[in-house]
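Just so you know, residue 1 is the first one in the sequence shown, and it goes up from there. Since we're looking at a predicted model, the values are computed, not measured.
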Amino acid sequence: MQSYTIGQAARLLGVSPDTARRWADAGRVATHRDDSGRRLIDGRDLAAFSIEIGQGGGSGDDDVAYTSARNAFPGIVTAVKLGDVAAQVEIQAGPHRLVSLLTREAVEELGLEVGMQATARVKSTNVHIDRI
């Protein structure tokens, strides 16, 4: 399972590293330390937390910059639903929840899983997923 540093988590959540650190210090999201002493957040924990703040848990940061709706939304995969042929992938990018319908084959080729980083690219009514 992929883990994220406080800085990486902050970027994915659309907040400052200080805000992410305060949330971790307050116990809102669990952390653990790697061999070099850096605090890390498990990908599944970060995915669950991103859903919580995306549904109104709020960041408190009013100075967060976002790209236009027709550009890239880097975030974290929060759900992957596989059918026989089609699949649905959800990404939480800061306060934005994006859902993409794509082929099961594409999801498998990208190796998409809950908790991993991905970028949703939006053009018109299509959302394309890039694995990071």
Side-chain angles (χ1 to χ4, degrees):
M1 172 52 57
Q2 186 168 352
S3 293
Y4 298 90
T5 65
I6 295 290
Q8 289 170 325
R11 184 176 58 78
L12 292 170
L13 296 171
V15 299
S16 71
D18 286 337
T19 296
R21 212 172 283 111
R22 282 192 300 274
W23 286 340
D25 290 345
R28 289 189 64 190
V29 62
T31 63
H32 62 278
R33 298 215 181 248
D34 67 7
D35 293 338
S36 64
R38 294 182 309 165
R39 283 199 300 184
L40 300 175
I41 301 170
D42 178 75
R44 289 194 182 274
D45 291 339
L46 184 58
F49 184 64
S50 71
I51 292 170
E52 176 188 325
I53 65 167
Q55 292 176 341
S59 67
D61 284 358
D62 294 328
D63 61 347
V64 177
Y66 296 100
T67 61
S68 75
R70 289 187 260 171
N71 284 317
F73 289 83
I76 187 166
V77 176
T78 57
V80 176
K81 299 172 186 163
L82 296 174
D84 291 337
V85 175
Q88 178 178 311
V89 176
E90 295 181 26
I91 293 178
Q92 192 72 37
H96 307 290
R97 177 180 165 263
L98 296 114
V99 179
S100 180
L101 301 175
L102 56 164
T103 65
R104 179 186 181 115
E105 181 180 7
V107 170
E108 290 171 347
E109 283 179 9
L110 291 169
L112 295 174
E113 298 178 347
V114 170
M116 73 184 325
Q117 252 183 295
T119 299
R121 296 196 184 274
V122 179
K123 179 171 172 142
S124 187
T125 59
N126 296 314
V127 177
H128 305 267
I129 305 295
D130 295 340
R131 180 172 174 191
I132 298 174

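Both Ile6 and Ile53 sit in one connected hydrophobic cluster of ILVMFWY residues. Membership requires side-chain heavy atoms under 4.5 Å apart, directly or through other members. Residue Leu40 is not grouped with residue Phe49 when hydrophobic side chains (ILVMFWY) are merged at heavy-atom distances under 4.5 angstrom, including chains of intermediate members. By the rule that hydrophobic residues join a cluster once side-chain heavy atoms approach within less than 4.5 Å of another member, Ile51 and Val77 end up as members of separate clusters.
Scored by the side-chain hydrogen bond (donor to acceptor under 3.5 Å, both in side chains) test, Arg38 finds Asp34 as partners (sequence neighbours excluded). Scored by the side-chain hydrogen bond (donor to acceptor under 3.5 Å, both in side chains) test, Glu105 finds no partners at all (sequence neighbours excluded). For the salt bridge (Lys or Arg N to Asp or Glu O under 4.0 Å) test, no residue two or more places apart in sequence or in another chain qualifies with Glu113. For Arg131, the salt bridge (Lys or Arg N to Asp or Glu O under 4.0 Å) test picks out no residue, with sequence neighbours left out. The salt bridge (Lys or Arg N to Asp or Glu O under 4.0 Å) check on Arg44 picks up nothing, with sequence neighbours excluded. Residues that satisfy the side-chain hydrogen bond (donor to acceptor under 3.5 Å, both in side chains) test with Arg11, not counting sequence neighbours, are absent from this structure. Arg97 meets the side chain to side chain contact (heavy atoms under 4.5 Å, CB included) test with Glu90, Gln92, Val99; sequence neighbours excluded. With sequence neighbours excluded, no residue forms a ring-ring contact (aromatic ring centres under 6.0 Å, His included) with Tyr4. Applying the side chain to side chain contact (heavy atoms under 4.5 Å, CB included) rule to Val107 yields the partners Val80, Leu82, Ala87, Val89, Leu102, Leu112; only residues at least two apart in sequence or on another chain are considered. The side chain to side chain contact (heavy atoms under 4.5 Å, CB included) search around Ala47 returns Ile76, Thr78, Val114, not counting sequence neighbours.
What you find for Ala93 and Leu98 is that their closest heavy atoms are CB-CD1, 4.0 Å. For Arg121 against Ala72, the heavy-atom pair with the smallest separation is NH1-CB, 3.2 Å.
Exactly one residue among Thr5, Asp25, Thr31 makes a side chain to side chain donor-acceptor pair (under 3.5 Å) with Arg39. That residue is Asp25.
Judged by distance alone, the side chain of Arg104 and the main-chain N or O of Gly83 form a donor-acceptor pair under 3.5 Å.
Here the CG-CG distance, from Leu46 to Leu12, works out to 6.0 Å after rounding to the nearest 0.5 Å. Taken from CG in Asp42 to NE2 in His32, the straight-line distance is 6.5 Å, to the nearest 0.5 Å.
Salt-bridge check for Asp18 with Arg21: passed, with a basic side-chain N closer than 4.0 Å to an acidic carboxylate O.
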